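Step one of this worksheet: look at the structure below.
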Number of protein chains: 2
Amino acid sequence: MAQAQILSKNQQMVFQIIEKAKGPLKAYSILYDVQKKGIKAPLQVYRALDKLLELGKIHKIESRNAFVACKNSNCEITKATAFSICEKCEKVTEINNSKLTNYLSNFQDTTGMKYSKYNLEFFGLCKKCK
Amino acid sequence: MAQAQILSKNQQMVFQIIEKAKGPLKAYSILYDVQKKGIKAPLQVYRALDKLLELGKIHKIESRNAFVACKNSNCEITKATAFSICEKCEKVTEINNSKLTNYLSNFQDTTGMKYSKYNLEFFGLCKKCK
DNA sequence: AACGGCTTGTTATAATATAACATTTATTAA
DNA sequence: TTAATAAATGTTATATTATAACAAGCCGTT
Ligand SMILES: [Zn+2]
Ligand SMILES: [Zn+2]
Ligand SMILES: [Zn+2]
Ligand SMILES: [Zn+2]
């Protein structure tokens, strides 16, 4: 019996849409899509998004209020995310670079703060756009 | 004649409030404050915020939709920002670390993207809260 | 069956941000 | 100086993003 019934019905629906998308999706554009399939209200989408974020299946691009599926082999790492964002075409790529991850995960500043998480967004022009 | 009339009236008003604040401020809490002083509408605040961001006088904490004054000696650098954020008390500190800045400014990924800007937000517990 | 935890459904509303248009003020440059 | 241009302001309305509050259903455990 397909043991990985990890995701609930709504969570699956929302995840599949994000996964298939070519770029980051906004919550209300997801809502528009799933309305064809029974979900009616924003809250149902936001609840699914929250869960998916928590599971690391998706990430939020904070500067865009948009969501992408994790591309790093189902990243447990909700904790260390890095993206490159093209300011012209809005293409977003999740960066998977172990040196960068290491560098940032071990970063210590002078304030004595203990970090458990970070999010990094690079901006510029992608190959096509520059 | 006080040569540095860089900021317009509204811009100054908004900037002073952000500068004096102990932590990040939300746009509508700024609006509430400046309403005592003549500004009436959200748009007037957002316009001032946009300009201040552009000038590098303030930064936006994307994960919080909130604004802080730049603490790095009037950072021309709207282009390379890093913050530490306490997830308990919400204290935010702008990180000023030249090694980090260098590392990130020179970072190259495999996609051949040319970066002109980045924003990094670290999360964790501050000294007091841990 | 009764309980607890999680998920869903639903309506309403809060919080964040921009569009569109009219007017005023400051800067530039003929 | 003055006409043209650019920047900032004022105002109303509306778009976009996100959460509150409450009721009900599903599912595994005891
Ligand atoms: Zn990931
Ligand atoms: Zn591009
Ligand atoms: Zn700064
Ligand atoms: Zn703290």
Side-chain angles (χ1 to χ4, degrees), chain A residues 1-18 21 23-55 57-68 85 87 90 92 119 121, chain B residues 1-18 21 23-68 87 90 92 119 121:
Chain A
M1 230 5 77
Q3 53 96 273
Q5 180 59 23
I6 302 166
L7 299 181
S8 75
K9 188 184 58 145
N10 289 0
Q11 289 157 17
Q12 254 179 307
M13 252 161 70
V14 169
F15 180 60
Q16 280 173 18
I17 289 174
I18 297 174
L25 293 182
K26 303 260 197 170
Y28 276 74
S29 96
I30 295 167
L31 175 60
Y32 178 83
D33 269 8
V34 294
Q35 275 175 336
K36 301 164 194 160
K37 301 173 192 165
I39 285 183
K40 282 175 188 162
L43 196 44
Q44 293 168 281
V45 171
Y46 279 104
R47 284 198 284 226
L49 289 172
D50 283 349
K51 190 68 188 199
L52 294 167
L53 285 169
E54 192 189 313
L55 295 173
K57 308 279 287 179
I58 65 171
H59 303 300
K60 181 172 187 182
I61 310 300
E62 293 286 358
S63 64
R64 299 297 186 262
N65 297 317
F67 303 86
V68 293
I85 303 169
E87 289 187 298
E90 291 293 328
V92 168
N119 180 57
E121 297 179 8
Chain B
M1 232 3 76
Q3 53 97 272
Q5 180 60 22
I6 302 167
L7 299 181
S8 75
K9 188 183 57 145
N10 289 0
Q11 289 158 15
Q12 254 179 307
M13 252 161 72
V14 168
F15 180 60
Q16 281 173 18
I17 287 174
I18 297 174
L25 293 182
K26 303 262 196 169
Y28 276 72
S29 95
I30 295 167
L31 175 60
Y32 178 83
D33 268 8
V34 294
Q35 275 176 335
K36 301 165 195 160
K37 300 172 192 164
I39 286 182
K40 282 175 187 160
L43 196 44
Q44 294 168 283
V45 170
Y46 279 103
R47 285 198 284 227
L49 289 172
D50 282 349
K51 189 67 188 200
L52 293 167
L53 285 168
E54 192 190 313
L55 295 173
K57 308 279 289 179
I58 65 171
H59 304 300
K60 182 172 186 181
I61 310 300
E62 293 285 359
S63 64
R64 299 298 186 261
N65 297 317
F67 303 84
V68 293
E87 289 186 297
E90 291 293 327
V92 169
N119 179 56
E121 297 179 6

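All figures in this text were calculated on a predicted structure; none of them were measured in a lab. Residue numbering restarts at 1 for every chain, and letters A, B, ... go by the order of the sequence lines.
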Original post:
Roughly how far apart are A:H59 NE2 and A:L53 CG, rounded to 0.5 Å?
Top reply: 9.0 Å
Original post:
Can you name the side chain to side chain contact (heavy atoms under 4.5 Å, CB included) partners of B:K51, sequence neighbours left out?
Top reply: B:Q11, B:E54, B:L55
Subject >> Close residues, residues 37-49 of chain A, relative to DNA chain D [heavy-atom separation under 4.0 Å] >> reply: A:L43, A:Y46
**OP:** Report yes or no: does A:E121 contribute a side-chain atom to a donor-acceptor pair with the main-chain N or O of A:E62 at less than 3.5 Å?
**Re:** yes
Original post:
Roughly how far, to the nearest 0.5 Å, is CZ of A:F15 from CG of A:L7?
Top reply: 7.0 Å
Original post:
For the pair made of CD in A:E62 and C1' in C:dA17, what is the distance, rounded to whole Å?
Top reply: 16 Å
**OP:** Identify, residue by residue, the members of residues 25-35 of chain A with a heavy atom below 4.0 Å from DNA chain C, and return them in order of residue number, or none.
**Re:** none
Original post:
How far does CZ of A:R64 sit from CG of A:L25, to the nearest 0.5 angstrom?
Top reply: 14.5 Å
Subject >> Length of the CE-P vector between A:M13 and C:dT7, whole Å >> reply: 15 Å
Original post:
When the C1' atoms of the five terminal pairs at each end define the local axes, what inter-axis angle does the helix from C:dA1-D:dT30 to C:dA30-D:dT1 show, to 10 degrees?
Top reply: 30°
Original post:
Among B:V68, B:I18, B:N65, B:I58, whose side-chain contact (heavy atoms from CB on, under 4.5 Å) with B:P24 holds?
Top reply: B:V68
Original post:
Should B:S8 be listed as having a side-chain N or O under 4.0 Å from OP1 or OP2 of C:dA26?
Top reply: no
Check: residues 29-48 of chain B side-chain donor-acceptor pairs under 3.5 Å, at least two apart:
residue	atom	partner	partner atom	Å
B:S29	OG	B:K26	O	3.3
B:Q35	NE2	B:K40	O	3.2
B:Q44	OE1	B:K40	N	3.0
B:Q44	OE1	B:A41	N	2.9

Original post:
Taking 5' to 3' order, which nucleotide of DNA chain D is first and which is last to have an atom within less than 4.0 Å of a heavy atom in chain A?
Top reply: D:dT17 to D:dA21
Subject >> Interatomic distance where CZ belongs to B:R64 and P belongs to C:dA15 [whole Å] >> reply: 17 Å
Original post:
Under a 4.5 Å cut-off applied to non-hydrogen side-chain atoms, are B:N119 and A:S63 in contact?
Top reply: no
**OP:** Output all residues satisfying side chain to side chain donor-acceptor pair (under 3.5 Å) with A:E87, sequence neighbours left out; order by chain, then residue number.
**Re:** B:K117
Subject >> Rounded distance (nearest 0.5 Å) linking atom CG of A:L52 with atom CD1 of A:I6 >> reply: 11.0 Å
Original post:
Looking at B:N65, does any N or O in its side chain come under 4.0 Å of the phosphate oxygens OP1/OP2 on C:dA15?
Top reply: no
